[in-house]
Amino acid sequence: MYQVIARKYRPQSFDDVLNQDHIKTTLRNAIAQNRIAHGYIFSGQRGTGKTTTARIVALCLNCEKGPTDKPCGVCASCVEIAAGGAVDVIEIDAASNRGINEMRELRENVRYQPARDRYKIFIIDEAHQITNEAFNALLKTIEEPPEWAVFILCTTETHKIPATIASRCQHFSFRSVDFHDLIDRMREICVSEGVEADDESLAVLAQAGEGSVRDSLSALDQAIACCGNKLDAGQVRALLGAFGIDAMSQVTTALSAQDGGAMLALVDELERNGGSPQHFSREMSRYIRNLLVTKISGQDSRLVTASPAEKKELSRIAALFGEEDLTRYLQFSLDLFRDLQYSMQPRFHLEIGLLKMIQAGKLVPIEEALANLGSESRSAAPAAGPAAPMRAPVAAPPVRPASFSAAPSASPSFAPRSPARPEPAAAPPVPAGPPSASDDWREKLQSAMIQAGLQFSADAMMHASAALANNELIITAPKQYQLDLGRDEIMAALKQIGHPTLRFKVVFGEVKVDAAASVARPAAPKPAAAADETTERALAHPEVQRFRELFGGDVRNVRNLKES
Ligand SMILES: Nc1ncnc2c1ncn2[C@@H]1O[C@H](COP(=O)(O)OP(=O)(O)O)[C@@H](O)[C@H]1O
Ligand SMILES: [Mg+2]
Ligand SMILES: [Zn+2]
């Protein structure tokens, strides 16, 4: 009879369990010293060896030669336990037996001595599914178990196990399995199955499991069913809907060329091929994470989850970006992945997410930014910069603004495209004079928000105050509007009124009635009256202004070196 690979190769001893060394050592010692607890909790991601280890514990405890950490594998107990049919090893799937009646039954069962073996072992899978009252029924038993009873609760969600139960158990948490160890295990399995598999196919399968051995082995089953005795990486990828480096590198090509059109074309291509935005964004996160790790630790790092050939390519691409760039892109793509879980419009979300990454721009090393400082200081205010942190290193303005309106001349294949392609520039912001403290900033922001379609933010602005102090806009709003007055919304409004680079700060708390007068930052020491003029002159100096545009920050104190 055909048996799926995951079951056929289920480890029968601690030695065969991949990783989880901390757990194996502790359990081995406990068994060798005959210090068996009555309750264990095995927690962790699915397919990492919880049920497998629970069965191995059962083998160890009930082997005729035992208790031993090396069960013989041939005695009646060993054979029956391995086959899953031993009377004294009771496996309960709590997903379908979660109620009070089942637990009462179990409580009854515990009271009777083992039929043949040393211990009666209860392996409760998906234990977090047990209802609260059923847990209560179990509590007494776990509190004062008969000497022969051992409970092993397996769960992917430990926090759902009541503290009363958890505190009476020893807890082991299973980690997701190492990528390279998993590949080695699959290679062994392929050899003994007579299947030829190259590094790349195995890497694709290992990735597909996301750390779950079971999932990777199921994917291997599927791949063998599809490809026969010789796995082909391309076919395996297509089968699992995985994206190769070739497809993924289109994202980074578009990023490095700041090419919004290429991003949109990519999404279009994905949609037409029936790809899922969620899946794509997860693959993208993995890809960018691999780039980041390659950048930081080098292509030979074990932390890079890719085949040798892919590692080379990753290393080439990683060289195009800085570490900070990749860190930010990874953050963006993780945010995107999270947002997509709840999105009603996944395609639009994906488009926005990718375009945001472009708009975030690439960082310029601080030396370069400083070199630019002198040469540009006398020019007018810079073009609307990307929404980048006003910290060093600074974001360089995009080579060319990403255009939202561009209908991409879609490339027919999901293949890299040439980056440079002229596109209509985005509409420039309304020009505005220098920001003035006498303006009604609250009113200006509110109407800008209405114009920008930010209805919630506009409402929030109504309850806020805004005032300009030291060239910084300070917005004070009640706490409950925290979500509506994010940086993005305010930045959009400032752009709308022609002050895209104005620095601002949002303070959430009580809004004073005479807010405008009272918002001067308490932290900044007031310069003495005599120094006021010096301060004003210094702050008005174009190079100082340019510096603050680039780097932000407060001017705390101004001293005239000629005087002191
Ligand atoms: N750590 C591991 N080492 C080797 N194989 C594993 C490991 N974890 C899971 N497997 C494989 O996956 C299958 C399912 O594992 P299982 O122990 O039931 O996972 P869990 O209970 O954690 O969801 C096993 O039959 C085995 O083939
Ligand atoms: Mg399990
Ligand atoms: Zn045995």
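Whatever order the structure lists them in is the order used to number ligands and atoms, beginning at 1. Keep in mind that the numbers below use all heavy atoms, side chains included, and drop hydrogens, waters and symmetry copies.
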Check: Does any N/O atom on Arg7 come nearer than 3.5 Å to any N/O atom on ligand 1?
Finding: no
Note to self: Using the rule given for side-chain hydrogen bond (donor to acceptor under 3.5 Å, both in side chains), can you reason through Ser333 versus Tyr287, listing the C-alpha separation, both sets of side-chain angles and the distance that settles it, and then say yes or no?
What the structure shows: CA-CA 10 Å; Ser333 72; Tyr287 168 68; over 6 Å; no
Item checked: Glu144, Glu143, His38 screened by side-chain hydrogen bond (donor to acceptor under 3.5 Å, both in side chains) with Arg168, the one that passes -> Glu143
Margin query: Counting only heavy atoms closer than 4.0 Å, does ligand 1 sit against the backbone of Asp125, its side chain, both, or neither?
Written below: neither
Next item on the list: I would like to know whether Glu489 and Ser457 meet side-chain hydrogen bond (donor to acceptor under 3.5 Å, both in side chains); could you show each step before the answer?
Entry: CA-CA 7 Å; Glu489 287 82 16; Ser457 307; 4.8 Å; no
Item checked: Apex the Zn ion (ligand 3) - arms SG from Cys72 and SG from Cys63 - angle rounded to 10° -> 100°
Margin query: If I apply the N/O under 3.5 Å rule, does Val17 come out as touching ligand 1?
Written below: no
Notebook entry, point to check: Identify the closest protein heavy atom to atom 13 (C) of ligand 1: which residue and atom is it, and at what distance?
Noted result: Arg214 CB, 3.9 Å
Check: Backbone N or O of Ala82 within a donor-acceptor pair of the Arg10 side chain at under 3.5 Å?
Finding: no
Next item on the list: Using atom types as modelled and distance alone, determine if a side-chain donor or acceptor of Ser216 lies under 3.5 Å from a backbone N or O of Val213.
Entry: no
Notebook entry, point to check: What residue and atom, counting heavy atoms only, is the protein's closest point to atom 25 (O) of ligand 1, and at what distance?
Noted result: Ala6 O, 2.6 Å
Note to self: Between ligand 1 and Arg46, is the shortest N or O to N or O distance under 3.5 Å?
What the structure shows: no
Item checked: Heavy atom of the protein closest to atom 7 (C) of ligand 1 (residue, atom name, distance) -> Val213 CG2, 3.6 Å
Check: Nearest protein heavy atom to atom 2 (C) of ligand 1, by residue and atom, and its distance?
Finding: Leu18 N, 3.6 Å
Item checked: Contact (N/O only, under 3.5 Å) between Gly47 and ligand 1 -> yes
Checklist line | Heavy atom of the protein closest to atom 17 (O) of ligand 1 (residue, atom name, distance) | finding: Thr52 OG1, 2.5 Å
Item checked: Ring centers of Phe508, Tyr481 separated by less than 6.0 Å -> no
Notebook entry, point to check: Are any of the side-chain heavy atoms of Arg302 and Asp181 separated by less than 4.5 Å?
Noted result: yes
Check: From Thr52, does some N, O or S atom reach closer than 2.8 Å to the Mg ion (ligand 2)?
Finding: no
Item checked: Nearest neighbour in protein (non-hydrogen) for atom 21 (O) of ligand 1 -> Thr51 OG1, 2.7 Å
